[in-house]
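See below for the structure under consideration.
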Amino acid sequence: MSIDKKELKYSSGNVLSNKIHEIGIISLGSHRENHGSCLPIDTDSKIASNVALKAATETGATYLGIFYGATEYDYVQHGIHLDKEELLHKQIIPQLNNAKELLGLTSIIIVNGHGGNNRIIHDIPIIEEKTGLKIIINNSIIENEGPHACTGELSMGKVLGITDENKLEDHGNFKKNPEVGMVGLTLARKSEPIIDNEAKHIEKNGFKIDEKFGKSLLENAKKSIIKDIKTLIN
């Protein structure tokens, strides 16, 4: 027997507001993408999920888990990704509609941990129209982590326990791991000046594991999500 909605104790526990339960938090990463020798192929998904769950835990927002797919720009070839339309219409929109129906949600914060997913930002109005939900994409992770599979991700991975420090020297073998800093991804470097500049920086300066930096990236991303939550409540 289902519980009548009126009987639910929405004010119980550590919650910012009774309205917090109408806000869903879901991660969007990439499950199959090379990240060198030190990091797993689902690094983006693991980082985004950890940050999203932490924000949901501290506020009481409804944690919805993660989308199973991701998209990518055609010129970045270092993983297995979905076409943008497939991601939108076969996964994101149906999954959010299901969550809305089952949980009575009014808004969603998508915690993005993969740069290629920026392709859907201009499609937020479509997602909102098809779901009837207010949508916010929080990009704090990717806006601050720096070059792919380098200091930012390595350091966050260290904090979360997914970085294998014993493989750090091998990680910098750009012939074996062309995706690190996108140093060896020729098409990506030719297609996007920002990628090329970051790759040049990594070629010259390398990367490191900095646990303090990793903690600050994770903490700041969590605070950014909580700021979005408070905006939706108010």
Side-chain angles (χ1 to χ4, degrees), residues 14 16 20 23 25-31 33-61 63-67 70 78 108-118 121 136-169 171-172 177 179-183 194-195 197-233:
N14 180 26
L16 290 181
I20 193 68
I23 300 172
I25 301 180
I26 190 165
S27 306
L28 179 61
S30 177
H31 286 82
E33 178 182 80
N34 291 329
H35 277 76
S37 300
C38 290
L39 292 165
I41 56 175
D42 56 352
T43 290
D44 294 348
S45 295
K46 285 188 166 79
I47 291 175
S49 293
N50 272 275
V51 174
L53 179 58
K54 186 68 174 176
T57 300
E58 292 193 13
T59 61
Y63 180 63
L64 301 174
I66 191 167
F67 295 110
H78 60 357
I108 298 287
I109 297 172
I110 298 174
V111 179
N112 183 28
H114 168 65
N117 292 326
N118 275 338
I121 287 178
I136 292 177
I137 294 183
N138 186 289
N139 265 340
S140 178
I141 295 171
I142 64 172
E143 287 174 353
N144 297 293
E145 68 184 8
H148 182 70
C150 291
T151 300
E153 288 189 292
L154 287 167
S155 300
M156 286 188 287
K158 164 69 174 178
V159 176
L160 299 176
I162 63 174
T163 298
D164 186 347
E165 296 181 79
N166 295 320
K167 298 178 181 178
L168 189 60
E169 183 176 351
H171 193 78
N177 301 310
E179 70 277 3
V180 173
M182 300 200 184
V183 170
I194 293 176
I195 292 176
N197 288 334
E198 289 185 340
K200 288 177 180 177
H201 175 81
I202 296 303
E203 286 177 310
K204 180 179 180 180
N205 301 292
F207 49 78
K208 62 182 179 179
I209 298 174
D210 183 340
E211 188 169 0
K212 183 178 179 180
F213 180 53
K215 288 180 179 178
S216 70
L217 286 175
L218 293 168
E219 180 67 17
N220 288 337
K222 180 198 70 176
K223 288 180 179 178
S224 177
I225 298 167
I226 292 176
K227 183 178 179 181
D228 286 339
I229 291 170
K230 291 179 178 179
T231 297
L232 290 171
I233 290 175

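Positions are given from 1, in the same order as the sequence printed here. All values below come from the heavy atoms of this structure, side chains included, with hydrogens, waters and symmetry mates left out. These numbers come from a predicted model, not from an experiment.
Taking the side chain as every heavy atom from C-beta outward, L218 and N50 never approach each other to under 4.5 Å. For the pair N117 and N139, the minimum side-chain heavy-atom distance is 4.5 Å or more.
The structure places CG of N144 at 6.5 Å from CG of L217, a figure rounded to the nearest 0.5 Å. Atoms CG and CD1, on L64 and I23 in that order, are 11.5 Å from each other to the nearest 0.5 Å. Atom CD1 of I136 is separated from atom CD1 of I25 by 10.5 Å, given to the nearest 0.5 angstrom. The distance from atom CG of L16 to atom CD1 of I233, rounded to the nearest 0.5 Å, is 5.0 Å. The NZ atom of K230 sits 10.5 Å away from the NZ atom of K223 when rounded to the nearest 0.5 Å. Here the straight-line distance linking atom CD1 of I137 with atom CD1 of I110 works out to 5.0 Å at 0.5 Å rounding.
Ring geometry for H78 versus H148: interplanar angle of 30 to 60°, hence tilted.
Contact between I20 and T59 at its shortest, heavy atoms only, is CG1-O, 3.4 Å. Heavy atoms only, all atoms of each residue included: V159 and G214 are closest at CG2-C, 3.9 Å. In terms of heavy-atom proximity, L28 sits nearest to A48 at O-CB, 4.4 Å. Residue S49 comes nearest to I66 through the heavy atom pair OG-CD1, 3.5 Å, listed as atom of the first residue, atom of the second, then distance. For F213 against S155, the heavy-atom pair with the smallest separation is CD2-OG, 4.2 Å. F207 and I202 make their closest contact through CD2-CG2, 4.2 Å (heavy atoms, listed as atom of the first residue, atom of the second, distance).
A salt bridge links E58 with K54: the closest approach of a Lys/Arg side-chain nitrogen to an acidic carboxylate oxygen falls below 4.0 angstrom. Classification of K222 and E219 as a salt-bridged pair holds, one side-chain N sitting under 4.0 Å from a carboxylate O.
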Give every donor-acceptor pair under 3.5 Å between a side-chain atom in residues 33-45 and any protein atom, sequence neighbours left out.
unit_1 : atom_1 : unit_2 : atom_2 : d
E33    : OE2    : H81    : NE2    : 3.3
E33    : OE2    : H114   : ND1    : 3.1
H35    : ND1    : E33    : O      : 2.9
H35    : NE2    : D44    : OD1    : 3.1
H35    : NE2    : E153   : OE2    : 3.3
S37    : OG     : D170   : OD2    : 2.7
S37    : OG     : N177   : ND2    : 3.0
D42    : OD1    : K46    : NZ     : 2.8
D42    : OD2    : K46    : NZ     : 2.5
T43    : OG1    : P40    : O      : 2.6
D44    : OD2    : H114   : ND1    : 3.2
S45    : OG     : S30    : N      : 3.0
S45    : OG     : S30    : O      : 3.2
S45    : OG     : H31    : ND1    : 3.3

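Residue I121 places its CD1 atom among more than 12 non-hydrogen atoms of other residues, nucleotides or ligands, all under 6.0 Å distant.
For N112 and N138, the side-chain atoms include no donor-acceptor pair closer than 3.5 Å.
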